[in-house]
Engineer: 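My structure is below; once you've seen it, I'll send some questions.
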Amino acid sequence: MAEEKNLLEVSHLKQYFPVSQGFHKVPLKAVDDISFTIKPGETLGLVGESGCGKTTVGRTLLRLYEPTAGKITFDGDVLFDSGEQYDANGELVVDEKGRPVLGKKVNVDMLPYRKQMQMVFQDPYSSLNPRMTVEDIIGEPLDTHKLYSSKGERRDKILSLMETVGLNAEHAMRYAHEFSGGQRQRIGIARALAVDPKFIVCDEPVSALDVSIQAQVINMFEELQEKMGLAYLFIAHDLLVVRHISDRIAVMYLGHMMEIADSDELNEHPIHPYTLSLLSAVPIPDPKTARQSKRIVLEGDVPSPLKMPSGCPFRTRCQYATEQCAIAKPQLTDRGNGHFVACWNR
Ligand SMILES: Nc1ncnc2c1ncn2[C@@H]1O[C@H](COP(=O)(O)OP(=O)(O)OP(=O)(O)O)[C@@H](O)[C@H]1O
Ligand SMILES: [Mg+2]
């Protein structure tokens, strides 16, 4: 049987932000050469500490930021390609003077793709205009993409979207500021769904919400996925949240991808020392297992992305680090069953 095609393919994606340092501009490497794929209807969880580049990945995919380099393919169409080429070992192809050999560059108009790729933001307070009514917020993407032929049809679509996300359709004329955090997040989800997308970047969509309603919203994401065949990039700090909703999980550190595997595989057989430390920070409900499992406490802080360590970005905090780790950055290698790890020593 032929393998199902990927919906999204990201390769060698880089996002460098120019920041001022004294009188100079230097590149802050928020995302530095990461690759992954997502299949239709699949959820890829993306985890890592604050500042490791998760939001930047999401925003760059949707081209809210212009990528610095790399290639993004969606549903068979190349949306962006900076032209750099890589060999089978993941090394940049260069000419005799060391300059990258460039292929064809691509940079498409994103407007038609915005109908297929959407984002739900972390903070439902700042991402919705409090002075707009729910009807106007959900109606905005319908207007942009001209998705109705009459005022009545527009209204019906908005009311049906409100029902889909569990909002009372009688509240359509209320203002966003009149709603609770959880309800606002439902408005944000309805806005994302208005265009009938295939893919949604969910950027920590429940972390600003009360614990009591986090589960409700997560369950809704799962139900919507089932009903509409949506694919998600689901960003979170909390491995517990991601573990539940994800088919696969990707672990990022300082702009780099450290490990990627099926959700169960990653949780049961984590390999990268950074993933081990993230997992050991997850509270274990059973006190007996908790006593047996050794907690790995990370030493030191995350280095500044402006002072990236040589070689492996994690080596300054890694208990397995050897000389080689300072010399060269390990590539993601296949350890079997779709489990990829970037580590020299494990
Ligand atoms: N527009 C920008 N200009 C300059 N630097 C930026 C910009 N956006 C993000 N950064 C920097 O890029 C790095 C990655 O930030 P990003 O917000 O993607 O991390 P994150 O993993 O989403 O963190 P968090 O978990 O706190 O949301 C950080 O060092 C951040 O300061
Ligand atoms: Mg973020």
Side-chain angles (χ1 to χ4, degrees), residues 8 10 12-36 38 43-70 72 80 117-128 181 185 188-189 192 200-209 211 214 217-218 221 232-243 245-246 249-260 272 274-275 277-279 281-282 298 300-309 313-314 316-317 342:
L8 181 76
V10 176
H12 301 288
L13 187 69
K14 294 180 186 169
Q15 183 63 63
Y16 297 175
F17 295 112
V19 296
S20 297
Q21 217 177 38
F23 295 108
H24 303 284
K25 287 263 189 221
V26 295
L28 184 151
K29 300 182 175 181
V31 174
D32 201 7
D33 196 350
I34 71 165
S35 304
F36 59 89
I38 299 180
T43 300
L44 177 68
L46 184 61
V47 297
E49 283 164 293
S50 184
C52 72
K54 304 179 297 293
T55 296
T56 304
V57 169
R59 298 187 74 105
T60 307
L61 286 182
L62 300 194
R63 301 277 299 284
L64 301 174
Y65 297 144
E66 208 47 27
T68 305
I72 302 169
F80 180 88
M117 310 169 80
Q118 284 287 314
M119 186 153 181
V120 173
F121 298 91
Q122 169 166 8
D123 184 356
Y125 293 90
S126 64
S127 59
L128 301 181
Q185 200 55 299
I189 296 166
I200 303 182
V201 173
C202 311
D203 188 2
E204 310 215 29
V206 300
S207 44
L209 306 180
V211 176
Q214 285 187 354
V217 176
I218 296 260
F221 272 106
Y232 296 139
L233 178 69
F234 203 98
I235 298 172
H237 278 93
D238 190 341
L239 255 164
L240 272 182
V241 169
V242 173
R243 165 149 97 185
I245 196 169
S246 303
I249 296 179
V251 180
M252 266 184 94
Y253 184 80
L254 265 182
H256 296 261
M257 196 71 96
M258 309 313 255
E259 183 160 9
I260 184 163
H272 199 285
Y274 181 56
T275 312
S277 69
L278 284 182
L279 280 169
V282 173
L298 280 183
D301 296 324
V302 185
S304 155
L306 291 170
K307 290 201 188 84
M308 199 74 80
F314 187 59
T316 54
R317 299 168 81 194

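These numbers were taken from a predicted model, which means no experiment stands behind them. Counting starts at 1 for both ligands and their atoms, following the listed order.
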Engineer: Taking all atoms of both residues into account, what is the closest heavy-atom pair of Gly58 and Val201, and its distance?
Structural biologist: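 What the structure gives for the nearest pair is CA-CG1, 3.9 Å.
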Engineer: In the protein, which heavy atom is nearest to atom 18 (O) of ligand 1, and how far is it?
Structural biologist: Thr56 OG1, 2.5 Å
Engineer: Tell me which protein heavy atom sits closest to atom 12 (O) of ligand 1, plus the residue, atom name and distance to 0.1 Å.
Structural biologist: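 Sorting protein heavy atoms by distance from atom 12 (O) of ligand 1 puts Ala30 CB, 3.3 Å first.
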Engineer: Give yes if a backbone or side-chain nitrogen or oxygen of Thr55 is under 3.5 Å from a nitrogen or oxygen of ligand 1, and no if not.
Structural biologist: yes
Engineer: Are the side chain of Glu204 and the backbone N or O of Ala236 linked by a donor-acceptor pair below 3.5 Å?
Structural biologist: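 Side chain of Glu204 to backbone of Ala236: no pair is present.
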Engineer: If the contact criterion is a heavy-atom separation under 4.0 Å, does Gly48 count as touching ligand 1?
Structural biologist: no
Engineer: Do you know which two heavy atoms are closest between Lys29 and Met308, and how far apart they sit?
Structural biologist: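 Closest pair (atom of Lys29, atom of Met308, distance): O-CE, 4.0 Å.
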Engineer: Starting from atom 26 (O) of ligand 1, what is the nearest protein heavy atom, named by residue and atom, and what distance separates them?
Structural biologist: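 Going atom by atom, the protein heavy atom closest to atom 26 (O) of ligand 1 ends up being Ser50 OG, 2.5 Å.
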Engineer: Please find the pair of heavy atoms, one from Gln185 and one from Pro205, that lie closest to each other, and give the distance.
Structural biologist: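 Answer, listing the atom of Gln185 first, then Pro205: NE2-O, 2.8 Å.
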Engineer: Measure across Gly53 and Val31 and return the closest heavy-atom pair with its distance rounded to 0.1 Å.
Structural biologist: O-CG2, 3.7 Å
Engineer: Specify whether the nearest protein heavy atom to atom 31 (O) of ligand 1 is under 4.0 angstrom away.
Structural biologist: no
Engineer: Between the candidates Arg59, Met252, Lys54, Lys29, which shows the shortest non-hydrogen contact distance to atom 21 (O) of ligand 1?
Structural biologist: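 The residue whose heavy atom sits nearest atom 21 (O) of ligand 1 is Lys54.
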Engineer: Are side-chain heavy atoms of Leu44 and Ser246 found at a separation under 4.5 Å?
Structural biologist: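 Result no, sub-4.5 Å side-chain heavy-atom pair not found.
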Engineer: Looking only at protein heavy atoms, identify the closest one to atom 6 (C) of ligand 1 and say how far it is in Å.
Structural biologist: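 The answer is Phe17 CD1, 3.3 Å.
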Engineer: Find all atoms of ligand 1 within a distance of less than 4.0 Å from any non-hydrogen atom belonging to Pro305, and give their numbers and elements.
Structural biologist: 29 (O)
Engineer: Looking only at heavy atoms, what is the nearest atom pair of Phe234 and Val242, with distance?
Structural biologist: O-CG2, 4.3 Å
Engineer: Give me the residue, atom name and distance of the protein heavy atom closest to atom 13 (C) of ligand 1.
Structural biologist: Gly51 O, 3.6 Å
Engineer: For the Mg ion (ligand 2), decide whether Gln122 has an N, O or S atom at a distance under 2.8 Å.
Structural biologist: no
Engineer: Please report the shortest heavy-atom distance between Pro309 and Leu254, naming the atom on each side.
Structural biologist: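 The answer is CD-CD1, 4.2 Å.
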Engineer: Indicate yes or no: does an N/O atom of Cys52 lie under 3.5 Å from an N/O atom of ligand 1?
Structural biologist: yes
Engineer: I'd like to know whether ligand 1 has Gln15 as a neighbour, heavy-atom separation below 4.0 Å.
Structural biologist: no
Engineer: Any donor-acceptor pair under 3.5 Å linking the side chain of Tyr232 with the backbone of Ile245?
Structural biologist: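 Answer holds: no.
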Engineer: By number and element, which atoms of ligand 1 are closer than 4.0 Å to a non-hydrogen atom of His237?
Structural biologist: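 Within the 4.0 Å cut-off of His237, ligand 1 contributes 25 (O).
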Engineer: What protein heavy atom is closest to atom 11 (C) of ligand 1, reported as residue, atom name and distance in Å?
Structural biologist: Leu28 CD2, 3.7 Å
Engineer: Check Lys14 with Glu66, please: is the shortest side-chain N to carboxylate O separation under 4.0 Å?
Structural biologist: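 Looking at Glu66 and Lys14, the cut-off is not met.
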Engineer: Ignoring hydrogens, tell whether any protein atom lies closer than 4.0 Å to atom 4 (C) of ligand 1; use the non-hydrogen atoms only.
Structural biologist: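 Under the 4.0 Å cut-off, atom 4 (C) of ligand 1 does have protein heavy-atom neighbours.
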Engineer: Less than 3.5 Å between some nitrogen or oxygen of Gly53 and one of ligand 1, yes or no?
Structural biologist: yes
Engineer: For residues Thr275 and Glu259, is any side-chain donor paired with an opposing acceptor at under 3.5 Å?
Structural biologist: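 Result is yes, a qualifying pair exists.
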